Amino acid sequence: MDGSPVQEEAHGADEILLVLDGRMELLVEGVEVAVETGEMYRVPAGARHAVGPGSHGTLVIVEEPAA
């Protein structure tokens with residue numbers, strides 16, 4: 001994450017977001033969520049979400065297969 005925002009999107013499967021270092025400002029269905037170093041956040045399938053400006057560090061994204 002380089003500080004730039006990422007446009008809102010949604011996926012057909014759950015998505016796991018793991019911040020290895022830094023901080024992610026996340027907007028999920030209109031609710032602001034801060035995810036810190038070492039924390040994980042699960043975005044449910046179909047949920048609209050976007051990464052806000054100022055997010056920085058290393059992010060791992062794991063998309064779970066649809067059931």
Side-chain angles (χ1 to χ4, degrees):
M1 301 175 288
D2 65 1
S4 301
V6 177
Q7 289 185 322
E8 184 178 72
E9 60 185 5
H11 305 280
D14 287 359
E15 189 174 64
I16 305 296
L17 306 174
L18 170 62
V19 177
L20 294 181
D21 62 74
R23 178 184 171 100
M24 177 175 55
E25 303 295 337
L26 190 62
L27 186 64
V28 181
E29 294 290 335
V31 177
E32 293 181 6
V33 179
V35 187
E36 302 282 349
T37 297
E39 294 181 340
M40 187 177 348
Y41 188 87
R42 178 187 301 265
V43 179
R48 306 292 306 168
H49 60 285
V51 176
S55 298
H56 64 281
T58 306
L59 175 66
V60 174
I61 301 171
V62 177
E63 200 167 302
E64 293 189 358

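Here the structure is a predicted model, which means the values were calculated and not measured.
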CD of Glu39 to CG of Leu20, rounded to nearest 0.5 Å, is 12.5 Å
Contacts of Pro5 meeting side-chain contact (heavy atoms from CB on, under 4.5 Å) (sequence neighbours excluded), chain-then-number -> Pro53
Separation between CG (Leu18) and CZ (Arg42), nearest 0.5 Å, reads 12.5 Å
How far apart are the C-alpha atoms of Glu64 and Glu15, what are their side-chain angles, what is the distance that settles it, and do they pass the side-chain contact (heavy atoms from CB on, under 4.5 Å) test? CA-CA 6 Å; Glu64 293 189 358; Glu15 189 174 64; over 6 Å; no
Sequence neighbours excluded, which residues qualify as side-chain contact (heavy atoms from CB on, under 4.5 Å) partners of Val6? Val51
Hydrophobic cluster membership, with links at side-chain heavy-atom distances under 4.5 Å among I/L/V/M/F/W/Y: are Met40 and Val60 in one? yes
Between Ile61 and Ile16, is there shared hydrophobic-cluster membership here, with clusters defined by ILVMFWY side-chain heavy atoms closer than 4.5 Å? no
So, the side chain of Thr37 versus the backbone of Gly22: is there a donor-acceptor pair under 3.5 Å, distance only? yes
Counterpart residues, ring-ring contact (aromatic ring centres under 6.0 Å, His included), relative to His56 (two or more places apart): none
Between Ala10 and Gly46 the two heavy atoms that sit nearest each other are CB-O, 3.8 Å
Does anything in residues 16-38 form a ring-ring contact (aromatic ring centres under 6.0 Å, His included)? List the pairs, not counting sequence neighbours. none
Taking distance alone, no hydrogens or angles, what donor-acceptor pairs closer than 3.5 Å link side-chain atoms of residues 24-31 to residues at least two apart or in another chain?
unit_1, atom_1, unit_2, atom_2, d
Glu25, OE2, Arg23, NE, 2.3
Glu25, OE2, Arg23, NH2, 3.2
Glu29, OE2, Arg48, N, 2.6

Are the side chain of Asp14 and the backbone of Pro44 linked by a donor-acceptor contact shorter than 3.5 Å? no
Side chain to side chain donor-acceptor pair (under 3.5 Å) with Ser4: which residues, sequence neighbours excluded? Asp2
